[in-house]
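Below is one structure, written out as structure tokens, with a few remarks after it.
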Amino acid sequence: MPSTDELRDLPAQYNPADTERAIYQRWLDAGIFAADEKRSSRNGGDRTPFVIVMPPPNVTAVLHMGHGLNNTVQDVIVRWRRMVGDEALWVPGTDHAGIATQNIIEKQLAAEGRNKADLGREKFVERTIAFVEETGGEILRQLRAIGASADWNRTAYTFSPELSIGVREAFVQLYERGLIYRGHRVIHWCPRCLTSLSDEEAEHDEETGSLYHIAYPIVGAKNNAALTVATTRPETMLGDVAVAVHPDDDRYKQLIGNSVMLPIADVEIPVIADEYVDPSFGTGVVKITPAHDPNDFEVGKRHSLAMPVVMSPDGTMANVTDAGQRVPPELIGIDRFEARVRIVRTLEKSKRLIKVESHQHAVRHCYRCDTVVEPRLSDQWFVKMEPLAKPALKAVRDGTIRILPERWEAVYINWLENIRDWNISRQLWWGHRIPVWYCDRCNCQIVSRTDVSACEKCGGEVRQDDDVLDTWFSSWLFPISTLGWPDKSSAALAAFYPTDDLITAPEILFFWVARMIMAGFAFMDAAPFHTVYLHGTVRDMNHVKMSKSLGNGIDPLDVVHSYGADALRYTVIAGMGMGADLMLDPKDLERSFSPGRNFATKLWNIGRFLLSNIGSEAVRSVDELSDKELTLPDRWILARLNTTILECDTALGPARPEKGKWRPAERYIGLRLSEYAESARRFVWNELADWYLETTKTRIAGGGDDAQVARAVLTHTFDYALRLLHPIMPFITETLWQRLPVPVTAERCEFLAIAPWPIPTPLSRDDKEAVAGFDLVREAIGAVRQIRSDYSIAPATSIDVSIRSSRNGKLFAEHSPVIGRLSRSVVRVDGQSPSAGAAHAVLTDGTELIVPLGGIVDLKKECGKLRAELEQLDKQLDSLSNRLENEGFTSRAPAHVVEAERKKKEEWIKRREQLSAKVKAVCGG
RNA sequence: GGGCGAGUAGCUCAGUUGGUUAGAGCGCCUGCCUUACACGCAGGAAGUCGGGGGUUCGAGUCCCUCCUCGCCCACCA
């Protein structure tokens, strides 16, 4: 424990930079973030486990506000549960981020004037590993700066050898269950990343394009008759193998079975009938390009059409497969968008272009590089999703899993109900290689958990599939793989799976959250967590999402440096309603973060007052204080503390469902972190600091037994306040708490971070009476302050206040020193009657306050103000009376409402009397 | 095209099952460096609750409709 001198030497200004790092190190040294499997009740220990798995940031990422928000929310919850006494585990980790990381290395190479082909696959992967080793994990180090209390011993990486075992296991298991298959179909292809993408990775973007109407001459028809097709993508027409019309479309019925001449390519293609065609759109005639459009692919399959591929993987025109010489030489090698322009120009010249309409449509883009994706026929590995989706749907429907805010549950359900198979193969070099080997000799395929060096059947040479798995194929296993799966005897898995909360942004609900739920059921037969909390997005003041590329970002480390981690955390938590976006001003950090810093400073100064006035001598325990010893303010603040603890607990809600499933009543409550923060802040600032602390000054200065009581209550209250605030502002609360004098009887727990979460103290006292009593005292102080302000009485001018009270005379007499001190007045109880020329105030209990104003103020002006106030009150009273006389109201409104209105009327009448007395006093006569 | 959310004080947002004088923080105005704190203290101004219609004794809250913004989903080329 620090010496008294040390306590007194608390610097006047709190400087987070001086202390945060050291405190964090002490937490680490003490191992308080490390969870122990043996202590988990699931392994026979005495603590209920509470587990959060961190959404692993990309291994190449640097900390931005989004991470700051996400991880602060997680840390607040984990710290709360740790204090409550759970065996709290927060599993940190990073994601190897296939495409994203590969893109970075490719950019590096490009800057060196090279490309990945120059290096070759092996060298490229080596280089990427080296890069990740050097820079990866930086983001996890940065998370420590904001106080993240993760169990760093368990830091996971989706591409580590341990987690890779799980990836293979998952693939093989699903394959064996018939849920992974190789499919030949049109998928989303990114011509820049040169890989296929899943449906989720190809993002829709609304764009204004053109709808080109093109004439395809009918073969053998007279007068150059033609069918006009409408398309947004003329460049794919070279791959057309038919034009389709609706079978019932009278306009075209008779042409079915005929042929048309495909312009430019100059090949004959049939006119076919297919229900897929919507006669009311465009011309009612659709060109069918099976290799470059998913719908056309289906049509092509139905009609057994050829599927010529007329574009290279990089998006340039070429006769790739089954295309013959459809692409004319002058277009070969031309980029698809340039080809579109040239084709349109050619059609125009040959009068085949009928018209061009402006057209709104959604175009899909690569979620990593924003390139327009190209639908492309290819062979890929798919996961059959419907069987996996079933239990995941049921879990949310039956309350095994809840999603907050509630509205996301509908979005989740809608997606799963319409789920489509998941393309998991990527034509990349960075990622988990697909565990499939091919033997060209006997033409077989081997799917294996371990590397295969020779064909099982013929002993021939084998080659592994070139493709890698979608990054999300490893991330979806994170809750189980980080805990040891597929080793089902893993102690960690037994102790900590299923986990509890999953906290992330809605953007990855489908990418990650839904798939984790499916994986949980598929591989562990249990939901991975019972609560999904989807928080908002960090935006600037124009509501634009913060991003480095837009330059509207805020570097959390800058904020930590200038304002402290606690200020950052407080701002993020207090400013964020359930699921709502968080607005911060990148151009004015002061505006965004000063409230948090100011609150930290407030705490610091309460601490300074407390330590310099109370010293480090052990205080008495509040449990031992008798009712008689406690003063009114003591009882008031203790009652307020109890209320505040309850408010915080209510806002935080139940940590887990009672019997494995959320009951409707509790399903959508809790995790209202901003309400929790606000309750704690209001208590500390507006009750503890503004009122209670002020009342202790005279008592502590007075010495004696009562000073000891004040010391004890103040210390206890601040102690508990620090506990309530610790999850939000861990650094400053720990710093101050470490120096708090401990009650004589208590055992000092080493760290606030593991000190017990407050529970309301059972008070034998009549709380209600205490609260009402001290509220009266506060009201008296407020009344005098109001008078001083109304009459512009300078602080230096001392005024006399007479208090007349029949019922609460004793109360005011007892607290007149406090009233005097806090209202800067000389207070006399049972003073004179109100007379003209005096300010007059009446408290709710009827107590009168009289302040003689002789020579101090302009009474005339004040008189006018008062009369206006009286008039206003009369009006309101009138309308209230009318309501009560309205039979519709008295007969139809519930009795308690009518009763409440009657009571209110009585109160107002009373207030009217008081006000007219005031008018009389000030205005005279 | 389908679905969801939002529109309340200058800004960011609370407003429980309808109950009658709509709240907080920041900002703003006034006065104070009162021996924990000017990163502070005290006092104050400020809202036709997006528009219109309806139900009701009573609507920010329920219903209908329109407007504006945002998000998610989607194989009409």
Side-chain angles (χ1 to χ4, degrees), chain A residues 10 12-14 186 199 204 211-212 229-233 236 244 276-289 293-298 359 361-362 375 405 407-408 410-411 414-415 418 420 506-507 509-510 537 541 543 563 567 574-577 579-585 590-592 594-613 674-675 678 681-682 689-690 693-694 697 781-782 785-786 788-790 792-796 821-824 872-873 876 879-880 883 886-894 896-898 900-901 904 908:
Chain A
L10 268 189
Q13 193 80 33
Y14 174 57
V186 171
D199 293 342
H204 287 280
L211 189 60
Y212 303 89
V229 305
T231 180
T232 52
R233 308 193 52 216
T236 65
Y276 150 71
V277 180
D278 174 2
S280 66
F281 184 86
T283 60
V285 185
V286 184
K287 63 194 253 322
I288 300 300
T289 323
D293 183 284
N295 300 306
D296 294 5
F297 174 74
E298 294 301 323
H359 180 58
H361 63 148
R407 66 188 130 97
W408 287 104
V411 176
N414 181 56
W415 185 74
N418 300 295
R420 288 187 285 167
E507 291 108 87
L509 179 60
F510 306 141
T537 307
M541 300 319 278
H543 298 201
Y563 296 88
M576 187 195 54
D581 291 342
L582 175 70
M583 311 301 166
L584 295 173
D585 193 344
E590 184 69 14
R591 179 179 170 192
S592 298
S594 63
R597 178 205 52 201
N598 295 354
F599 184 40
T601 304
K602 193 71 185 177
L603 288 171
W604 184 253
N605 282 306
I606 296 170
R608 281 179 64 215
F609 170 82
L610 194 134
L611 295 171
S612 59
N613 285 280
S674 59
E675 289 174 24
E678 177 57 17
R681 187 202 69 88
R682 200 173 37 219
D690 286 352
L693 186 145
E694 293 298 334
K697 285 180 177 172
I781 293 162
R785 284 174 175 171
Q786 184 71 59
R788 293 197 74 114
S789 171
D790 284 353
S792 308
I793 300 167
R821 196 188 125 74
L822 293 186
S823 66
R824 300 199 182 194
Q872 175 74 14
L873 184 59
Q876 287 167 349
S879 97
L880 184 60
R883 195 176 317 128
N886 179 344
E887 209 179 314
F889 174 69
T890 47
S891 62
R892 298 200 203 187
H896 72 274
V897 173
V898 178
E901 292 297 289
K904 184 180 270 176
W908 286 12

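To find a chain, count down the sequence lines: A is the first, B the second, and so on, and within it residues start at 1.
- Each of B:C76, B:A74, B:G43 was ranked by its minimum atom distance to the side chain of A:Phe281; first place goes to B:C76.
- When rounded to the nearest whole Å, the span between CG of A:Asp199 and P of B:C75 equals 7 Å.
- Between the side chain of A:Ser592 and the main chain of A:Asp585, a donor-acceptor pair closer than 3.5 Å is present.
- Straight-line distance from the CG atom of A:Asp296 to the P atom of B:C76: 12 Å, rounded to whole Å.
- Between B:C39 and B:C26, the distance separating the two C1' atoms is 14 Å to the nearest Å.
- If you check every strand for non-hydrogen atoms under 4.0 Å, A:Ala410 touches nothing.
- No donor-acceptor pair under 3.5 Å is formed between the side chain of A:Asn414 and the backbone N or O of A:Ala410.
- Residues A:Tyr14 and A:Asn605 fail the side-chain proximity criterion, which asks for heavy atoms closer than 4.5 Å.
- Side-chain nitrogen and oxygen atoms of A:His359 include at least one within less than 4.0 Å of the OP1 or OP2 phosphate oxygen of B:A77.
- The separation between A:Asp585 atom CG and B:U12 atom C1' is 11 Å, rounded to whole Å.
- A:His204 comes within 4.0 angstrom of a nucleotide base, judged by non-hydrogen atoms across all strands.
- Within 4.0 Å (heavy atoms only), A:Val411 reaches sugar-phosphate atoms of the nucleic acid but no base atom.
- Atom name P, nucleotides B:U65 and B:G5: the rounded distance is 15 Å, in whole Å.
- Side-chain contact check for A:Leu822 versus A:Arg785: some heavy-atom pair is nearer than 4.5 Å.
- Annotation for A:His359 and A:Thr232: closest pair CD2-CG2, 3.5 Å, computed over non-hydrogen atoms.
- Distances from the side chain of A:Arg591 to the nucleotides B:C26, B:A77, B:G25 place B:C26 closest.
- Contact between A:Tyr563 and A:Ser594 at its shortest, heavy atoms only, is CE2-N, 4.2 Å.
- The nearest whole Å value for the distance from the CG atom in A:Asp790 to the P atom in B:G44 is 7 Å.
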Dot-bracket notation for RNA chain B, counting Watson-Crick and G-U pairs under 3.5 Å, with | for partners on another strand: (((((((..((((.....[...)))).(((((.......))))).....(((((..]....))))))))))))....

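- Among the nucleotides B:A77, B:G43, B:U12, the one closest to any side-chain atom of A:Val277 is B:A77.
- Taking side-chain N and O atoms only, A:Arg407 has no distance below 4.0 Å to OP1 or OP2 of B:A6.
- No contact: A:Ala580 has no heavy atom under 4.0 Å from any strand.
- Here A:Phe297 lies out of heavy-atom contact (under 4.0 Å) with every strand.
- Nucleotides B:A46 and B:C41 place their P atoms 24 Å apart, quoted to the nearest Å.
- Heavy atoms of A:Glu298 sit nowhere under 4.0 angstrom from any nucleic acid atom.
- Using atom C1' as the reference point in both B:G51 and B:U30, the two lie 38 Å apart (nearest Å).
- Here the separation of B:G52 from B:G3, taken at their C1' atoms, is 26 Å to the nearest Å.
- In this structure, the CZ atom of A:Arg233 is 15 Å from the C1' atom of B:C76, given to the nearest Å.
- Here the P atom of nucleotide B:C72 and the CH2 atom of A:Trp408 are 7 Å apart, to the nearest Å.
- Atom CZ of residue A:Arg608 and atom CD of residue A:Gln13 lie 8.5 Å apart, to the nearest 0.5 angstrom.
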Where do N or O atoms of nucleotides 35-39 of chain B meet protein N or O atoms at under 3.5 Å, pair by pair?
| unit_1 | atom_1 | unit_2 | atom_2 | d |
| --- | --- | --- | --- | --- |
| B:A36 | OP1 | A:Lys697 | NZ | 3.2 |
| B:A36 | O2' | A:Asn605 | OD1 | 2.8 |
| B:A36 | O2' | A:Arg608 | NH1 | 3.1 |
| B:A36 | N7 | A:Lys697 | NZ | 3.3 |
| B:A36 | N6 | A:Ala689 | O | 3.2 |
| B:A36 | N6 | A:Glu694 | OE2 | 3.0 |
| B:A36 | N3 | A:Asn605 | O | 3.2 |
| B:C37 | O4' | A:Asn605 | OD1 | 3.1 |
| B:C37 | O4' | A:Asn605 | ND2 | 3.2 |
| B:C37 | O2' | A:Asn605 | ND2 | 3.3 |
| B:C37 | O2 | A:Lys602 | NZ | 2.8 |
| B:C37 | N3 | A:Lys602 | NZ | 2.9 |
| B:C39 | O4' | A:Asn598 | OD1 | 2.9 |
| B:C39 | O2 | A:Arg597 | NE | 3.3 |
| B:C39 | O2 | A:Thr601 | OG1 | 2.4 |
| B:C39 | N3 | A:Gln13 | NE2 | 3.0 |
| B:C39 | N4 | A:Gln13 | NE2 | 2.5 |

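- A 4.5 Å side-chain heavy-atom check between A:Leu211 and A:Phe281 finds at least one atom pair inside the cut-off.
- Mapping A:Asn295 and A:Leu582 onto RNA chain B by nearest heavy atom places A:Leu582 at the nucleotide closer to the 5' end.
- On the C1' atoms, B:C66 is 28 Å away from B:A14, given to the nearest whole Å.
- Regarding contacts with the backbone of B:C75, every side-chain N or O of A:His361 stays at 4.0 angstrom or more from both OP1 and OP2.
- In this entry the distance linking CG of A:Leu584 with P of B:C13 reads 11 Å, nearest Å.
- Per the geometry, CG belonging to A:Asp581 stands 17 Å off P belonging to B:C11, to the nearest Å.
- For A:Ser789, taking side-chain heavy atoms from C-beta onward, the closest of the listed nucleotides B:A77, B:U12, B:G43 is B:G43.
- Comparing A:Glu675 and A:Ala362 by the nucleotide of RNA chain B whose heavy atom lies nearest to each, the residue mapping closer to the 5' end is A:Glu675.
- Using a 4.5 Å heavy-atom threshold, the side chains of A:Thr236 and A:Lys287 count as touching.
- A heavy-atom distance below 4.5 Å is not found between the side chains of A:Tyr276 and A:Glu298.
- Using a 4.5 Å heavy-atom cutoff, the side chains of A:Arg233 and A:Tyr212 are not in contact.
- Taking every heavy atom of both residues into account, A:Gly282 and A:Ala230 meet most closely at CA-CB, 4.2 Å.
- Atom name P, nucleotides B:U56 and B:C73: the rounded distance is 43 Å, in whole Å.
- Rounded to whole Å, the separation between the C1' atoms of B:G60 and B:U17 comes to 16 Å.
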